[in-house]
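We count ligands from 1, going down the list as the structure has it; atoms in each ligand are counted the same way.
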Amino acid sequence: MDRLSNKIALITGSARGIGEAIAELFFEEGATVIVSDINDFGGKAVAQRLGGRSRYFHLDVSIEDEWRNVFGLIEKEYGYLDILINNAGIDGYPQTKGPHDPENLDLESWHYVHAVNSDGVALGCKYAISLMKKQRSGSIINISSRSGMVGIPRAAAYASSKASIRNHTKTVALYCAQKGYNIRCNSIHPGAILTHMWDLMLGEGERRIKNIQRMNSEIPLGYMGKPIDVANAALYLASDESIYVTGIELTVDGGILAGSAAILSRDK
Ligand SMILES: NC(=O)c1ccc[n+]([C@@H]2O[C@H](COP(=O)([O-])OP(=O)(O)OC[C@H]3O[C@@H](n4cnc5c(N)ncnc54)[C@H](O)[C@@H]3O)[C@@H](O)[C@H]2O)c1
């Protein structure tokens, strides 16, 4: 219950899903948790439910001014930050008009997905480094995806943006090591984790049940993961137990990437 005691953690996109599970687990483990999101209603509800050491800040990760503002507030109120979880991310389906295949992609939609997923992580790393270096310690955890390691024919921008997170994580890890900042940076690569992100793809009712069964059958462990599975991986990388771990990519995917990486459904 105290693997993160006395630590301050900022978690982006934590109004629901994986970010919410990370916020809950980190709080249980003793951290002061700063919930942030563009969904103010959901984010405030999470912070209120946790209570005590938790609070909510609005933060759209694609906007640099908002990062500057939130880090100004953190520095003023707490003076330091131990952990940043760059979790906010979108697949682009409900948020943009698309399409998202490489032959027909809509450039505006492509840019928007990259603005949230890639720019958001790069900005988070930038501001975290500037604050964490003052105390000469910190852990930055970037939520990439298994889609950052394989091609995804119908989600080109998502896959490309997640690949950029995978690579940038290693650059940040090496940069901070070179500078002697004692800031670690690692990426997590979830497979299929059952959250609202899947709602559009899974559909509703009978169709949803069938689609989940199909997904399960394509995962070596036989089932889709839960947000807590990713939160447990984040806890390890956030805690001092991983003090000698930087620049790694930790897959949390039920074994998908252990074998044939891309399951191809062929169009006629
Ligand atoms: N669910 C999966 O199967 C899966 C797999 C691999 C990677 N991931 C990654 O995990 C992360 C969390 O995914 P999830 O499944 O919990 O998704 P989710 O859609 O349930 O939650 C994402 C949260 O991010 C917030 N958000 C969206 N745009 C934002 C912005 N510009 N600034 C700040 N917050 C923003 C949303 O409001 C939401 O609360 C994402 O980066 C996602 O790509 C998820």
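Taking the ring axis of Y127 as reference, the NZ or CZ atom of R68 does not stay both within 45° of it and closer than 6.0 Å to the ring centre.
At the top of the distance list for atom 29 (C) of ligand 1, counting protein heavy atoms only, stands I38 CD1, 3.6 Å. For atom 27 (C) of ligand 1, the closest non-hydrogen atom on the protein side is I90 CG2, 3.8 Å. Atom 8 (N) of ligand 1 has its closest protein heavy atom at Y158 OH, 3.6 Å. Of all protein heavy atoms, the one closest to atom 14 (P) of ligand 1 is T195 OG1, 3.6 Å. Protein heavy atom closest to atom 9 (C) of ligand 1, with residue, atom name and distance, is I143 CG2, 3.8 Å. Atom 40 (C) of ligand 1 has as its closest protein heavy atom N87 O, 3.2 Å. The single protein non-hydrogen atom nearest to atom 18 (P) of ligand 1 is R16 NE, 3.4 Å, given as residue, atom name and distance. Among all protein heavy atoms, the one lying closest to atom 44 (C) of ligand 1 is I18 CD1, 3.7 Å.
Side-chain contact check for H100 versus Y93: some heavy-atom pair is nearer than 4.5 Å. Within the 4.5 Å cutoff, the side chain of S137 has no heavy atoms near those of the I183 side chain. Under the 4.5 Å side-chain criterion, counting only non-hydrogen atoms from C-beta, I129 is in contact with V172.
Per-residue contacts place D60 under 4.0 angstrom from the following atoms of ligand 1 (heavy atoms of the residue considered): 30 (C), 31 (N), 32 (N). Near G89, meaning under 4.0 Å from one of its heavy atoms, ligand 1 places the atoms 40 (C), 41 (O). Close approach to W198 involves these atoms of ligand 1, each under 4.0 Å from a residue heavy atom: 1 (N), 2 (C), 3 (O). Each of the following atoms of ligand 1 lies closer than 4.0 Å to a heavy atom of L59: 32 (N), 33 (C).
Remark: the N142 side chain and the S144 side chain contain no N/O donor-acceptor pair separated by less than 3.5 Å. Looking only at atom types and distance, the side chain of H114 has a donor-acceptor partner in the side chain of S160 under 3.5 Å away.
Once rounded to the nearest 0.5 Å, the distance linking OG of S187 with NZ of K170 reads 5.0 Å.
By the 4.0 Å heavy-atom criterion, K162 is counted among the residues contacting ligand 1. Between G191 and ligand 1 there is a heavy-atom distance shorter than 4.0 Å.
In summary, D37 and R16 do not engage in a salt bridge, as defined by a charged side-chain N under 4.0 Å from a carboxylate O. A salt bridge is defined here as a Lys NZ or Arg NE, NH1 or NH2 lying under 4.0 Å from an Asp or Glu carboxylate O, and K126 with E64 meets this definition. The pair R184-D240 does not meet the salt-bridge criterion, since no charged nitrogen lies less than 4.0 angstrom from a carboxylate oxygen.
Between atom 34 (N) of ligand 1 and the options A192, S144, A88, S147, the minimum heavy-atom separation is to A88. The residue from I193, L194, D119 that puts a heavy atom closest to atom 1 (N) of ligand 1 is I193. Of the candidates I22, V35, D37, D37 brings a heavy atom nearest to atom 36 (C) of ligand 1.
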Step by step, work out the side-chain hydrogen bond (donor to acceptor under 3.5 Å, both in side chains) result for N117 and Y158.
-> CA-CA 8 Å; N117 295 357; Y158 183 70; 6.0 Å; no
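Within the 4.0 Å heavy-atom criterion, the part of V116 lying near ligand 1 is the side chain and not the backbone.
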